[in-house]
Structures are given as structure tokens and as C-alpha cells.
Amino acid sequence: MKDSYVNIPSSQIEKQKRHFYGAIVNLLYLKENNSPFLDATIQTLINQIGGSNRLFNYQPEVLSIVACLETARKEPTQFRKCILDAANLVDTLKGGGANV
């Protein structure tokens with residue numbers, strides 16, 4: 001199990017980064033539209049990003065992204081800033097070929 005991520009091409013890792021970036025930015029639209037699924041969507045993203053921690057070689061930015069999402073969920077006045085911070089942190093993750 002130790003080498004389970006060794007054979008993943010960098011293009012696939014890059015696509016995963018783009019997915020996370022888009023999903024995080026989409027939270028802004030869900031909030032604007034008062035979606036009843038906002039909280040569940042944030043939790044799903046937290047689970048997915050946390051589950052990808054090993055894929056991104058345990059970079060500290062992963063924890064920062066999760067913390068930003070959790071803060072956005074609990075502090076409505078900081079929602080927009082935290083979401084934008086989380087999206088920017090995805091862009092700084094190393095792995096894949098280029099930035100999002």
C-alpha cells in the first residue's frame with residue numbers, strides 16, 4: 001500500500017487540483033443562491049481533500065485548505081474570504097505539471 005500513488009501520472013494529479021479548485025469556487029455560488037446543500041457540499045470537499053492528503057505528499061497546505069473550509073462553514077461573516085483563500089491554496093499545491 002505504501003506505493004499506491006507512485007504510478008499516478010502528473011496530468012491526473014493536475015486534473016484533481018482543478019477539480020478541487022472549481023468545487024471550492026462553486027461554494028460561492030451555492031452560498032449566493034442559499035442552497036440547502038451548502039453545508040453538505042463543504043463537508044464532502046473536506047473529506048475529499050483530507051483523503052487526498054497522501055496524494056499531495058502531506059503538504060501543510062492541505063491542512064490549511066481544510067481549515068479554511070471549516071472556518072467558512074462556521075463563520076458566515078468570513079465565508080467569502082475563507083473560500084477564496086482555500087481556492088488560492090489549491091493553486092499552491094505541488095504535484096501535477098502546472099498551477100491551476
Side-chain angles (χ1 to χ4, degrees):
M1 183 77 179
K2 182 180 179 189
D3 298 320
S4 62
Y5 289 121
V6 171
N7 295 323
I8 295 177
S10 62
S11 62
Q12 187 174 4
I13 295 171
E14 191 61 37
K15 286 179 184 177
Q16 187 62 37
K17 284 172 51 177
R18 283 193 301 248
H19 166 75
F20 286 149
Y21 185 89
I24 290 169
V25 170
N26 187 56
L27 295 172
L28 294 170
Y29 298 107
L30 293 177
K31 174 80 168 171
E32 187 175 304
N33 294 326
N34 295 315
S35 172
F37 303 109
L38 178 63
D39 190 66
T41 304
I42 292 172
Q43 184 58 55
T44 298
L45 273 171
I46 288 170
N47 293 345
Q48 289 176 346
I49 293 167
S52 298
N53 198 9
R54 186 169 170 199
L55 174 67
F56 292 109
N57 201 26
Y58 303 102
Q59 294 173 61
E61 290 84 358
V62 173
L63 294 177
S64 296
I65 294 166
V66 170
C68 285
L69 293 174
E70 195 62 48
T71 301
R73 173 197 235 171
K74 295 187 182 218
E75 300 292 335
T77 59
Q78 296 181 17
F79 184 86
R80 183 172 175 78
K81 181 188 182 323
C82 289
I83 294 303
L84 294 174
D85 286 349
N88 286 330
L89 284 166
V90 168
D91 194 35
T92 67
L93 286 173
K94 292 170 185 62
N99 289 337
V100 177

In terms of hydrophobic clustering (I, L, V, M, F, W, Y; side-chain heavy atoms under 4.5 Å; direct or indirect links), are [X] and [Y] co-clustered?
X	Y	value
L38	Y29	yes
Y58	L69	no
I8	F56	yes
V25	F20	yes

Separation of [Y] [atom2] from [X] [atom1] (nearest 0.5 Å):
X	Y	atom1	atom2	answer
C68	I46	SG	CD1	10.5 Å
L30	D39	CG	CG	11.5 Å
R80	E32	CZ	CD	8.5 Å
F79	L84	CZ	CG	9.5 Å
E61	K94	CD	NZ	5.5 Å
K17	I49	NZ	CD1	12.5 Å

* Kindly indicate whether the side chain of P76, heavy atoms from C-beta on, has any atom under 4.5 Å from the side chain of K31. => yes
If you compare all heavy atoms of [X] against all heavy atoms of [Y], which two are closest, and at what distance to 0.1 Å?
X	Y	result
L89	S64	CD1-CB, 3.6 Å
A86	I65	O-CG1, 3.9 Å
V66	G50	CG2-N, 4.4 Å

- Task: Test Q12 against Q16 for side-chain contact (heavy atoms from CB on, under 4.5 Å), laying out the working first.
- Result: CA-CA 6 Å; Q12 187 174 4; Q16 187 62 37; over 6 Å; no
**Prompt:** Going by atom types alone, do N47 and Q43 pair a side-chain donor with an acceptor below 3.5 Å?
**Reply:**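 N47 vs Q43: donor-acceptor pair found between side chains.
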